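Following: one structure in structure tokens, then a few remarks.
We count ligands from 1, going down the list as the structure has it; atoms in each ligand are counted the same way. No experiment lies behind these values; they were computed from the predicted model shown.
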Amino acid sequence: MQEKLKIVQGKMKEACERSNRNIEEVTLIAVSKTKPVEKLLEIYDEGIRDFGENKVQEIMQKYPNVPEDANIHMIGHLQRNKVKQVIPYVTMIHSVDSLRLAKEIQLEAKKIDRVINVLLEVNVAREESKHGLFMEDVLGMVLELKDYKNLKVCGLMTIAPYVENAEDNRVIFQKLYQLAVDIRAKNIDNINMDVLSMGMSGDFEVAIEEGATMIRVGTSIFGTR
Ligand SMILES: *Cc1c(COP(=O)(O)O)cnc(C)c1O
């Protein structure tokens, strides 16, 4: 597993070199969903501090046993009735895809006097099987959220389609990047577009080349689920 991690980090470095980017700009989120805490700790011991999970119950079970400086990223679809439970634990929620969910996060975050970092999930490819806002709805959402005091929009996230050839997703990543550029240019109060969470095991190198600042890699580090 440590060997696999080294390979991923090597590929990250090469993708940064190809695209003239600084490796410091790209955070590797080790997607530890379904994997036991021991596996996660082995990766923690290699210096990784960011972990991706997609189920609230699993977060609640695993993370009391993980060092406090590990950052938990909620990358899966989040139901409103689970928000209260999970927000004390998470560094960032990558999967905000509706106003109703955002409202619930604002409400519960206010109760515990925290500001929760979120990304808006965008369904760039308009896949019916996936959650996420359509591109044309993101700006409207951002304008609603700018006044939320306990929720901080930090950028955008997408789950690209499953493809055999990662190159096929390049255009998806380019579109998400451009959307962030366009929204950033509007200088909206309290809205940040610095984070682009895109790229998984199959396509993270292409995502880095197209501007990802967070990549979410599970299988290539931990093996198949
Ligand atoms: C599982 C998952 C990943 C990691 O996928 P791999 O192909 O195993 O790297 C990334 N993002 C999300 C949202 C996921 O649910």
Side-chain angles (χ1 to χ4, degrees), residues 1-12 15 26-37 39-40 42-43 46 48-59 61-63 70-79 82-83 86 89-98 101 105 117-133 138 154-170 172-173 176-177 195-225:
M1 216 165 59
Q2 285 88 337
E3 192 51 42
K4 286 191 157 114
L5 174 66
K6 293 276 173 314
I7 292 169
V8 168
Q9 288 171 322
K11 288 180 175 170
M12 286 174 71
V26 187
T27 302
L28 172 61
I29 299 175
V31 177
S32 45
K33 65 186 184 195
T34 78
K35 300 294 175 186
V37 173
K39 297 278 175 205
L40 197 151
E42 286 178 36
I43 294 300
E46 298 296 311
I48 297 296
R49 292 293 176 271
D50 292 273
F51 297 91
E53 294 284 347
N54 68 343
K55 293 213 164 65
V56 171
Q57 198 187 352
E58 198 175 334
I59 293 175
Q61 281 168 0
K62 277 154 88 167
Y63 284 85
N71 303 314
I72 309 168
H73 297 260
M74 176 58 189
I75 61 174
H77 184 62
L78 180 57
Q79 289 173 323
K82 304 266 175 71
V83 166
V86 82
Y89 296 94
V90 294
T91 298
M92 188 174 269
I93 299 172
H94 291 230
S95 45
V96 173
D97 59 356
S98 73
L101 174 59
I105 295 170
N117 293 322
V118 308
L119 303 178
L120 302 182
E121 180 172 350
V122 188
N123 186 353
V124 178
R126 308 179 86 90
E127 289 179 283
E128 269 179 38
S129 59
K130 294 216 172 103
H131 294 281
L133 301 158
V138 175
C154 302
L156 305 176
M157 175 271 222
T158 197
I159 304 173
Y162 177 78
V163 289
E164 290 288 327
N165 179 359
E167 279 300 326
D168 294 345
N169 278 337
R170 187 178 292 279
I172 302 286
F173 301 137
L176 196 73
Y177 180 89
V195 177
L196 279 183
S197 169
M198 56 188 197
M200 310 184 5
S201 290
D203 55 17
F204 70 86
E205 296 167 82
V206 176
I208 289 172
E209 288 170 13
E210 298 302 333
T213 68
M214 287 183 177
I215 58 171
R216 309 177 308 266
V217 181
T219 313
S220 290
I221 296 173
F222 293 104
T224 50
R225 286 181 293 272

Subject >> Electrostatic pair E167:R170 at N-O distance under 4.0 angstrom >> reply: yes
Original post:
Of the choices K33, M157, M200, which has the non-hydrogen atom that lies closest to atom 14 (C) of ligand 1?
Top reply: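 Among K33, M157, M200, the closest heavy atom to atom 14 (C) of ligand 1 comes from K33.
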Can you sort out which atoms of ligand 1 are near [X], meaning under 4.0 Å from one of its heavy atoms?
X    : answer
V217 : 9 (O)
I159 : 13 (C)
R216 : 4 (C), 9 (O), 10 (C), 11 (N), 12 (C), 13 (C)

Subject >> Sole candidate of T27, L196, I208 that passes side chain to side chain contact (heavy atoms under 4.5 Å, CB included) when paired with I215 >> reply: I208
Original post:
To the nearest 0.5 Å, how far apart are CD in E121 and NE2 in H131?
Top reply: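 Rounded to the nearest 0.5 Å, the CD-NE2 separation comes to 7.5 Å.
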Suppose we measure from [atom] to each protein heavy atom; which comes out shortest, and what is that distance?
atom                    : result
atom 8 (O) of ligand 1  : T219 OG1, 2.5 Å
atom 9 (O) of ligand 1  : S201 OG, 2.5 Å
atom 12 (C) of ligand 1 : I75 CD1, 3.5 Å

Original post:
How are the rings of Y63 and F51 set relative to one another: parallel (under 30°), tilted (30 to 60°) or perpendicular (over 60°)?
Top reply: tilted
**OP:** Decide if atom NZ of K39 counts as having more than 12 heavy atoms of other residues, nucleotides or ligands within a radius under 6.0 Å.
**Re:**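 Open.
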**OP:** Kindly indicate whether the side chain of V56, heavy atoms from C-beta on, has any atom under 4.5 Å from the side chain of Q79.
**Re:** no
**OP:** Determine whether the side chain, the backbone, both or neither of R225 has a heavy atom under 4.0 Å from any heavy atom of ligand 1.
**Re:** side chain
